[in-house]
Protein chains: 2
Amino acid sequence: MAQALKFRQAPSPLKASCHQCSLSNLCLPLAIQDNDLDSLEDIVQQGRIYNRGEHIFDQSTQFRSCFAVKSGSIKTSIITESGEEQVTGFFMPGELVGLDSMSGEAYACTAKALERTSVCEFPVEKLEELTGKLPDLQHHIYHLMSQEIQNGHQLAMLLSKNTAEERIASLLLSLSSRFQRRRMSPTNFSLPMARNDIANFLGLAVETVSRVFTRFQNQGIIRARGREVELLDVEALQLVTREFSRQGCQQ
Amino acid sequence: MAQALKFRQAPSPLKASCHQCSLSNLCLPLAIQDNDLDSLEDIVQQGRIYNRGEHIFDQSTQFRSCFAVKSGSIKTSIITESGEEQVTGFFMPGELVGLDSMSGEAYACTAKALERTSVCEFPVEKLEELTGKLPDLQHHIYHLMSQEIQNGHQLAMLLSKNTAEERIASLLLSLSSRFQRRRMSPTNFSLPMARNDIANFLGLAVETVSRVFTRFQNQGIIRARGREVELLDVEALQLVTREFSRQGCQQ
DNA sequence: CGTCCAAATTGATGCAAGTCAAATGCTACT
DNA sequence: AGTAGCATTTGACTTGCATCAATTTGGACG
């Protein structure tokens with residue numbers, strides 16, 4: 001079975017092994033038959049490891065590849081002409097980064113490692129070629145992209161209709177369920193991103209994020225020390241996210 | 001060549017003629033070679049005509065098709081469990097509606113005709129099958145979907161960082177350029193949507209939208225009477241959209 | 001181990017936009 | 001043509017969050 005191969009320290013680009021990967025139930029392999037997995041492995045490149053703060057790719061540079069997070073986490077953001085930043089997403093292991101750039105020659109956003117992060121790289125030409133051959137993979141890519149469109153709509157709703165508390169509760173619950181799907185504790189995790197990133201993503205000021213965290217803490221809903229977070233009362237959090245809607249109903 | 005077949009008035013579903021369509025430079029045909037156009041025509045169905053307010057499809061019903069707007073215009077929105085509506089987009093002739101639903105079995109949103117509207121229908125199974133055969137078409141669908149993801153990010157930015165005036169100026173300019181691409185006046189058009197829809201889409205109260213319209217009018221930037229709008233000073237509008245960013249720079 | 005700088009917290013104040021309320025203008029329908 | 005029922009506008013008032021300012025905490029590094 002050549003198990004040892006996984007551990008050799010050969011120079012990259014190394015061919016990644018989707019067969020061996022523990023994320024195969026989250027990542028692209030979940031979409032395709034075992035016997036087609038080889039053709040996916042053929043086009044994947046083992047990306048290098050990025051330290052916190054390093055860029056995986058930069059907005060406006062030539063679009064070459066999508067990246068799957070293998071370990072660690074990534075934040076994407078767009079920068080306006082005037083230098084304003086807007087965080088557009090956070091990506092965890094198994095998630096695919098770069099789908100928003102499939103429209104053009106250049107990356108539509110910048111991707112930055114939030115911690116020590118490793119990725120797998122899928123060159124677009126090869127990926128497009130392969131999706132032409134594997135209908136299941138094509139379908140899955142459509143699925144992922146439309147999912148991302150829907151995420152955008154949900155975010156728009158959050159931004160335009162919900163209070164600071166509701167936005168933050170939503171984010172915490174989203175992170176929670178994503179940790180859970182990765183077999184990590186849904187109630188006890190460490191936030192990969194800074195308060196600043198949370199604020200920017202949710203359209204709030206950092207101060208507001210900080211205040212809401214302490215308010216939640218005082219109410220006994222969460223316990224937070226720096227980036228370490230413990231969700232003490234998930235139901236209460238869910239209640240917060242629906243608070244607004246419930247009032248809307250009562251009218 | 002059986003030219004005559006294209007003009008018969010047979011009962012629908014009628015095969016649409018992309019060859020004859022005046023939107024072929026905006027719609028899906030723009031992506032594919034002339035000799036492949038036939039295979040696209042093979043899967044397109046001439047949709048029926050919808051009156052203002054009629055639904056093209058409904059959220060949570062079985063996802064069957066994407067629709068290209070032929071004439072008129074469409075608004076899409078999502079409805080929460082509590083009945084809250086969030087307008088997610090406006091679609092003009094040549095634009096493709098339903099891409100956000102390619103992830104699942106059900107439509108992710110509801111599409112409603114804003115005026116008398118005709119559409120062409122692309123059944124998904126057939127569309128996916130065809131994109132597997134025509135790399136150019138596949139590429140174009142990826143393009144459209146990633147474009148929509150980017151639109152979502154732009155909207156998120158608008159909602160989280162910009163004032164009411166900036167949001168409305170942006171919308172007016174967006175509509176303007178989309179009218180222009182359709183060979184209609186970029187400065188003199190009639191809004192297909194109600195103030196309410198604008199407000200909802202931009203995360204504002206109707207009253208605020210109304211006030212901003214009159215403010216712009218008093219400043220001589222636009223002239224608005226009901227849904228009829230004339231952009232008197234496009235540069236001033238562009239300035240408004242950048243106002244925020246410019247202040248950000250000065251800091 | 002102490003120093004330095006960025007991140008996070010806490011408090012005080014102001015304002016943009018929401019909400020409530022009422023008048024006016026449209027449009028569709030009989 | 002007349003009326004009913006929305007859509008839009010305008011005004012008065014309220015408020016959630018941003019902004020400004022000042023500490024406090026924490027992590028990186030010599």
Side-chain angles (χ1 to χ4, degrees), chain A residues 51-54 75 84-87 112 114-116 158-169 190-218 222-229 240 243-244 247-248 250-251, chain B residues 51-54 75 84-87 112 114-116 157-169 171 190-218 222-229 240 243-244 247-248 250-251:
Chain A
N51 287 314
R52 172 199 285 220
E54 281 190 286
K75 122 185 160 187
E84 283 287 320
E85 181 182 21
Q86 170 71 46
V87 175
K112 188 190 250 193
L114 287 169
E115 52 195 314
R116 200 170 166 75
L158 208 62
L159 293 175
S160 70
K161 297 212 195 317
N162 292 33
T163 66
E165 297 200 352
E166 289 156 0
R167 297 182 208 183
I168 289 173
S190 125
L191 297 170
M193 73 294 280
R195 297 283 188 277
N196 227 324
D197 295 326
I198 295 178
N200 187 305
F201 180 64
L202 295 177
L204 298 169
V206 201
E207 295 93 326
T208 304
V209 173
S210 187
R211 273 185 259 268
V212 170
F213 267 80
T214 58
R215 218 177 301 159
F216 281 169
Q217 188 149 224
N218 292 338
I222 68 171
R223 231 165 52 83
R225 273 248 296 268
R227 295 192 174 189
E228 294 305 317
V229 173
V240 172
E243 200 66 20
F244 170 81
Q247 289 183 1
Q250 287 163 9
Q251 284 175 359
Chain B
N51 286 315
R52 173 200 284 222
E54 281 191 286
K75 122 185 160 186
E84 283 286 321
E85 181 182 20
Q86 169 72 47
V87 175
K112 188 189 251 193
L114 288 169
E115 54 195 312
R116 202 171 164 74
M157 173 131 69
L158 208 61
L159 293 175
S160 70
K161 297 213 195 317
N162 292 30
T163 66
E165 298 200 350
E166 289 157 359
R167 297 182 207 183
I168 290 174
L171 179 63
S190 123
L191 297 170
M193 73 295 280
R195 297 282 189 276
N196 226 326
D197 295 325
I198 295 177
N200 187 304
F201 179 65
L202 295 178
L204 299 168
V206 201
E207 294 93 326
T208 304
V209 174
S210 187
R211 275 186 258 268
V212 171
F213 267 80
T214 58
R215 218 177 302 158
F216 280 170
Q217 188 151 223
N218 292 338
I222 68 171
R223 229 165 52 85
R225 273 249 294 270
R227 295 192 173 190
E228 294 304 317
V229 173
V240 171
E243 202 65 21
F244 171 81
Q247 289 182 2
Q250 286 162 10
Q251 286 175 358

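Everything numeric in this text was worked out from a predicted model, so none of it was measured. Per chain, numbering begins at 1; letters A, B, ... match sequence-line order. The analysis underlying the following values was restricted to heavy atoms, covering all of them including side chains, and did not include hydrogens, waters or symmetry mates.
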> Mind checking what makes salt bridge (charged side-chain N to carboxylate O under 4.0 Å, His left out) contact with B:Arg52, not counting sequence neighbours?
Replying inline: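 B:Arg52: no salt bridge (charged side-chain N to carboxylate O under 4.0 Å, His left out) contacts found.
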
> When the distance from CG of B:Leu204 to P of D:dG16 is rounded to whole Å, what number comes out?
Replying inline: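 Rounded to the whole Å, the gap is 18 Å.
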
Polar-atom pairs under 3.5 Å, protein N or O versus N or O of nucleotides 6-15 of chain D: list them with distances, or write none.
unit_1 : atom_1 : unit_2   : atom_2 : d
D:dT8  : OP1    : B:Arg195 : N      : 3.3
D:dT8  : OP2    : B:Arg195 : N      : 3.2
D:dT9  : OP1    : B:Arg195 : NH2    : 3.3
D:dT9  : OP2    : B:Arg195 : NE     : 2.9
D:dT9  : OP2    : B:Ser210 : OG     : 2.9
D:dT9  : O5'    : B:Ser210 : OG     : 2.9
D:dG11 : N7     : B:Arg211 : NH1    : 2.9

> Rounded to the nearest Å, what distance is computed from the CD atom of residue B:Glu165 to the P atom of nucleotide C:dC15?
Replying inline: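 My rounded result for the distance is 16 Å.
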
> Could you state the CG-P distance from B:Asn51 to C:dA28, rounded to the nearest angstrom?
Replying inline: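 Atom-to-atom, B:Asn51 to C:dA28, this comes out as 12 Å.
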
> Bend across the helix from C:dC1-D:dG30 to C:dT30-D:dA1, to 10°, with axes taken over 5 pairs at each end?
Replying inline: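 Axis-to-axis angle, ends of the helix: 50°.
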
>> Without decimals, in angstroms, what is the distance between A:Arg116 CZ and D:dG27 C1'?
In response: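 Atom CZ in A:Arg116 sits about 18 Å away from atom C1' in D:dG27.
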
>> If you assign B:Arg52 and B:Arg215 each to the DNA chain C nucleotide with the nearest heavy atom, which residue ends up on the more 5' nucleotide?
In response: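 It is B:Arg215, whose closest nucleotide lies nearer the 5' terminus.
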
> When the distance from CG of B:Asn162 to P of C:dA16 is rounded to whole Å, what number comes out?
Replying inline: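 Roughly 15 Å, once rounded to whole Å.
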
>> Could you work out, with salt bridge (charged side-chain N to carboxylate O under 4.0 Å, His left out) as the rule, every residue matching A:Lys75, not counting sequence neighbours?
In response: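 Expected list: A:Glu85, A:Asp197.
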
>> Measure NZ/B:Lys161 against P/C:dA17 and give the value in whole Å, please.
In response: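 It works out to 15 Å between those atoms.
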
>> Given D:dA18, C:dT19, C:dA17, identify the nucleotide with an atom nearest to the side chain of B:Ala164.
In response: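 Looking only at side-chain atoms, B:Ala164 lies closest to C:dA17.
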
> Can you tell me how far P of C:dA16 sits from CG of B:Leu159, to the nearest Å?
Replying inline: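 Result: 19 Å.
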
>> Checking B:Arg223 now: which residues fulfil salt bridge (charged side-chain N to carboxylate O under 4.0 Å, His left out) with it, not counting sequence neighbours?
In response: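 Once residues adjacent in sequence are excluded, the partners of B:Arg223 under the salt bridge (charged side-chain N to carboxylate O under 4.0 Å, His left out) criterion are B:Glu230.
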
>> Please find the pair of heavy atoms, one from B:Met193 and one from B:Leu114, that lie closest to each other, and give the distance.
In response: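 Here B:Met193 and B:Leu114 meet closest at CB-CD1, 4.1 Å.
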
Could you tabulate the donor-acceptor pairs under 3.5 Å formed by side-chain atoms of residues 201-210 of chain B, not counting sequence neighbours?
none

>> How many whole angstroms separate atom CZ of A:Arg225 from atom C1' of D:dG27?
In response: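 My rounded result for the distance is 15 Å.
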
